[in-house]
Amino acid sequence: IIVTFLVNQEGRLSRFGFTARLKNIADNYRLASGKIVDAVILEQKEIIKALDLRMYFRVKPPSANNIVIFNEEKKLNLIDISLGGAKFSCSKGDSYTPGQVMKLTLLIGDRAFNLEARLCNIQMPDAWAVNKNIQYVSIEFTHDNRQLEAALGKAIIDIQRQLLSEGKI
């Protein structure tokens, strides 16, 4: 079992965690509040360390790039993208639901790919954000298309090279 948690460090969230082994399940564990709950008892197997659970490298495409994503006919405001998914911003008025399956069109240069994506997360803007009328939506691509994977992988590497040459990463 991997136990993870988020820590706010200088205004930025970092993920930490450790591996553990299930020791027991307690069905009458009393919390400090006096409430009785079910509890999982774990044995920590290693020291706490920083963790990155991402399976794919994400890039934040510059405004002038060759990757565009559409939901039906509506262009999405791409925040970042990887081989496994993307994050975009949209109006709070746009109706999205976690678990929802979206039919998307991904344009990479002059090539168009139709794909499906599962909506993973909707994040509201931080309390100090200037624009509170937007939301951030994370999606996971659910495709099995080698041509799409190759084209997107090349586009991501091209963006990474561009950002490296400009000293932005």
Side-chain angles (χ1 to χ4, degrees), residues 1-9 11-20 22 46 49-126 129-169:
I1 296 174
I2 298 176
V3 177
T4 72
F5 53 92
L6 296 174
V7 175
N8 190 340
Q9 294 180 313
R12 190 171 179 165
L13 290 178
S14 298
R15 182 172 301 276
F16 290 86
F18 56 89
T19 58
L22 178 64
E46 64 182 358
K49 61 185 175 190
L51 293 178
D52 183 2
L53 301 179
R54 293 213 183 274
M55 293 177 61
Y56 303 101
F57 180 75
R58 285 189 178 264
V59 293
K60 295 179 181 187
S63 55
N65 74 79
N66 68 342
I67 301 175
V68 182
I69 193 164
F70 291 90
N71 181 15
E72 296 173 4
E73 299 294 318
K74 183 179 179 183
K75 180 180 176 185
L76 301 176
N77 182 28
L78 195 58
I79 302 294
D80 63 35
I81 191 163
S82 74
L83 287 176
K87 181 189 285 187
F88 62 90
S89 65
C90 60
S91 167
K92 275 189 182 177
D94 292 348
S95 179
Y96 292 110
T97 308
Q100 172 184 348
V101 175
M102 304 172 66
K103 293 189 182 300
L104 304 172
T105 301
L106 183 62
L107 296 178
I108 304 171
D110 59 353
R111 297 177 70 186
F113 298 93
N114 294 316
L115 66 129
E116 289 187 350
R118 184 182 60 81
L119 199 147
C120 299
N121 186 31
I122 300 172
Q123 181 183 3
M124 296 302 155
D126 294 320
V130 175
N131 188 349
K132 299 199 184 317
N133 295 320
I134 62 172
Q135 60 187 354
Y136 301 96
V137 179
S138 298
I139 56 175
E140 177 184 14
F141 299 144
T142 57
H143 66 85
D144 187 20
N145 183 329
R146 298 279 185 216
Q147 291 179 338
L148 167 58
E149 228 171 81
L152 183 55
K154 183 182 179 326
I156 288 170
I157 288 171
D158 290 346
I159 291 169
Q160 184 182 13
R161 281 188 189 137
Q162 176 188 350
L163 294 173
L164 279 168
S165 71
E166 295 171 357
K168 294 182 179 175
I169 57 172

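Keep in mind that this is a model prediction, so the values were computed, not measured.
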[atom1]-[atom2] distance between [X] and [Y], expressed to the nearest 0.5 angstrom:
X	Y	atom1	atom2	answer
S82	E140	OG	CD	9.0 Å
I156	L83	CD1	CG	4.5 Å
I69	N77	CD1	CG	11.5 Å
K49	T19	NZ	OG1	6.5 Å
K87	L78	NZ	CG	11.0 Å
I139	L119	CD1	CG	7.5 Å

Any idea which heavy atoms bring [X] and [Y] closest together, and the distance?
X	Y	result
Q147	N145	N-OD1, 2.9 Å
D94	Q135	O-NE2, 3.0 Å
P98	C120	CB-O, 4.3 Å
F141	G85	CD1-N, 3.5 Å
A112	L107	CB-CD2, 3.4 Å
M102	F88	CE-CZ, 4.0 Å

Subject >> Residues D110, N66; criterion side-chain contact (heavy atoms from CB on, under 4.5 Å); working and verdict >> reply: CA-CA 8 Å; D110 59 353; N66 68 342; over 6 Å; no

Original post:
Is the Y96 to Y136 ring centre distance short of 6.0 Å?
Top reply: no

Subject >> Donor + acceptor pair across side chains of T142, R118 (<3.5 Å) >> reply: no

Original post:
After noting the C-alpha distance and the side-chain angles of V68 and L106, does the key distance pass the side-chain contact (heavy atoms from CB on, under 4.5 Å) rule?
Top reply: CA-CA 6 Å; V68 182; L106 183 62; over 6 Å; no

If you define the side chain from C-beta out and look only at heavy atoms, does anything of [X] sit under 4.5 Å from [Y]?
X	Y	answer
R161	L164	no
T4	F16	no
L148	I108	yes
C90	V137	yes

Original post:
So, the side chain of Q100 versus the backbone of T97: is there a donor-acceptor pair under 3.5 Å, distance only?
Top reply: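 Indeed, once roles are kept as given, a pair shorter than 3.5 Å links the two residues.
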
Subject >> Neighbour count above 12 (heavy atom, 6.0 Å) for E46 CD >> reply: yes

Original post:
For atom NZ of K92, is the number of surrounding heavy atoms from other residues, nucleotides or ligands below 6.0 Å larger than 12?
Top reply: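 Buried by this count: over 12 neighbours within 6.0 Å.
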
